[in-house]
Undergrad: 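Let me give you the structure first, and then I'll get to my questions.
Index from 1, following the sequence.
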Amino acid sequence: MDRIRKWGCRNAVAIFLVVLFWGIFFVSQRTENSYLYFGVTGIQYLQGEYYRFVTCLFLHYNLRHLLANSMGLLSVGSLLVPFLRKGQTVFLFLSGGILAEIVYSLVISERLYDIGASSGIFALIACLLVCSLRFQRQSNLVWYRPDVIIVVVYFVFTNTSISAFLVHTFGFAAGTLLSFVMVSAGQITGQDASNLR
């Protein structure tokens, strides 16, 4: 029980975001096709509704989509605890997700809507990869940890459509770029950030 409480305290940002996703999911079920009002599509169809770059990150199509993103975020959030402070986790999730959605809207020419947290989650996965390579001595990732297995499965099997593949690729690229900048600027140091919260 103490281990669960300690894990919950250390992974508070991911838990908060997941609770927010679930709350928004149940509220959005009252509005049929909420993605039409809050999702991202081609820039020519947005009609100046740029708030969609943020709102799309908190909506999910169905329960399976929500469960996959919840498990992915909780797992990668847990693995990033040694490297990122809480504010940095939120910053990378939001900025990586928003950048990915902006690029998606510029690239997509059809009215294909994207919603879901996966662009931000892929930005966090990229940050985990950068931190694991840059701070190898501090990284204790072993393949048999459940959160590592979940992140790998999430990374491989969530590309279920062309729009998902594009958004995930853009999120990963944004996360890589942002992580390199933050490491170079000394914002991410490889010291145990959980002690700095």
Side-chain angles (χ1 to χ4, degrees), residues 2-25 38 40 50-60 66 68-104 114-141 145 147-148 150-151 154-155 167-168 170-197:
D2 190 47
R3 278 180 77 176
I4 293 172
R5 189 178 53 80
K6 199 179 277 189
W7 177 85
C9 291
R10 288 171 58 109
N11 205 15
V13 169
I15 292 169
F16 171 77
L17 287 171
V18 165
V19 168
L20 192 60
F21 296 160
W22 281 84
I24 291 171
F25 177 76
F38 300 104
V40 170
Y50 302 121
Y51 62 84
R52 290 171 177 255
F53 296 132
V54 177
T55 57
C56 71
L57 297 174
F58 298 93
L59 290 174
H60 293 86
L66 177 61
N69 280 348
S70 297
M71 288 176 55
L73 182 57
L74 289 171
S75 297
V76 75
S78 174
L79 295 170
L80 280 169
V81 164
F83 302 111
L84 299 182
R85 292 189 294 274
K86 291 175 182 171
Q88 292 173 322
T89 304
V90 172
F91 171 77
L92 274 167
F93 171 78
L94 288 175
S95 59
I98 291 168
L99 283 171
E101 299 297 345
I102 290 171
V103 175
Y104 175 80
D114 182 66
I115 60 173
S118 55
S119 55
I121 296 169
F122 269 78
L124 292 175
I125 292 172
C127 180
L128 176 64
L129 182 63
V130 169
C131 289
S132 296
L133 294 173
R134 176 65 179 84
F135 308 112
Q136 289 182 10
R137 278 188 243 168
Q138 294 89 336
S139 178
N140 62 349
L141 299 182
R145 277 181 60 172
D147 44 6
V148 173
I150 290 170
V151 168
Y154 180 88
F155 185 83
V167 168
H168 296 168
F170 299 147
F172 192 84
T176 302
L177 178 67
L178 290 166
S179 300
F180 273 123
V181 169
M182 291 174 75
V183 168
S184 299
Q187 296 297 311
I188 301 174
T189 62
Q191 298 173 4
D192 191 348
S194 63
N195 297 326
L196 306 172
R197 292 169 190 260

Undergrad: Find the distance between OH (Tyr154) and OG (Ser70) and round it off to the nearest 0.5 Å.
TA: 9.5 Å
Undergrad: Quick one: closest heavy-atom pair of Gln88 and Arg85, and the distance?
TA: OE1-N, 2.8 Å
Undergrad: Taking the six-membered ring for Trp, are Phe58 and Phe93 parallel (under 30°), tilted (30 to 60°) or perpendicular (over 60°)?
TA: perpendicular
Undergrad: Drop me the distance from Met182's CE to Phe83's CZ, to the nearest 0.5 angstrom.
TA: 13.5 Å
Undergrad: Let me confirm one number: the CG-CG distance from Leu57 to Asn69, rounded to the nearest 0.5 Å.
TA: 10.0 Å
Undergrad: To check you understand the geometry: which heavy-atom pair defines the closest contact between Asn11 and Gly77, and what is its length?
TA: OD1-C, 3.2 Å
Undergrad: Which atom names give the shortest non-hydrogen contact between Leu178 and Gly96, and what distance separates them?
TA: CD1-N, 3.8 Å
Undergrad: To check you understand the geometry: which heavy-atom pair defines the closest contact between Leu73 and Ala14, and what is its length?
TA: O-CB, 3.7 Å
Undergrad: Which donor-acceptor pairs under 3.5 Å do the side chains of residues 119-130 make with protein atoms, sequence neighbours left out?
TA:
unit_1: Ser119; atom_1: OG; unit_2: Glu101; atom_2: OE2; d: 3.1

Undergrad: Can you list everything that forms a side-chain contact (heavy atoms from CB on, under 4.5 Å) with Val181? Sequence neighbours excluded, please.
TA: none
Undergrad: Do you know which two heavy atoms are closest between Leu66 and His60, and how far apart they sit?
TA: CD1-ND1, 3.6 Å
Undergrad: Once you measure the plane-to-plane angle for Phe53 and Tyr50, does it fall in the parallel (<30°), tilted (30-60°) or perpendicular (>60°) bin?
TA: parallel
Undergrad: Working to the nearest 0.5 angstrom, can you tell me the gap between Thr189 OG1 and Phe135 CZ?
TA: 6.0 Å
Undergrad: For Thr55, what residues pass the side-chain contact (heavy atoms from CB on, under 4.5 Å) criterion, not counting sequence neighbours?
TA: Phe38, Tyr51, Arg52
Undergrad: For the residue pair Cys9 and Lys86, what are the closest heavy atoms and their distance?
TA: O-NZ, 3.7 Å
Undergrad: Is the backbone N or O of Cys56 less than 3.5 Å from a side-chain atom of Asp114, with the two atoms forming a donor-acceptor pair by type?
TA: no
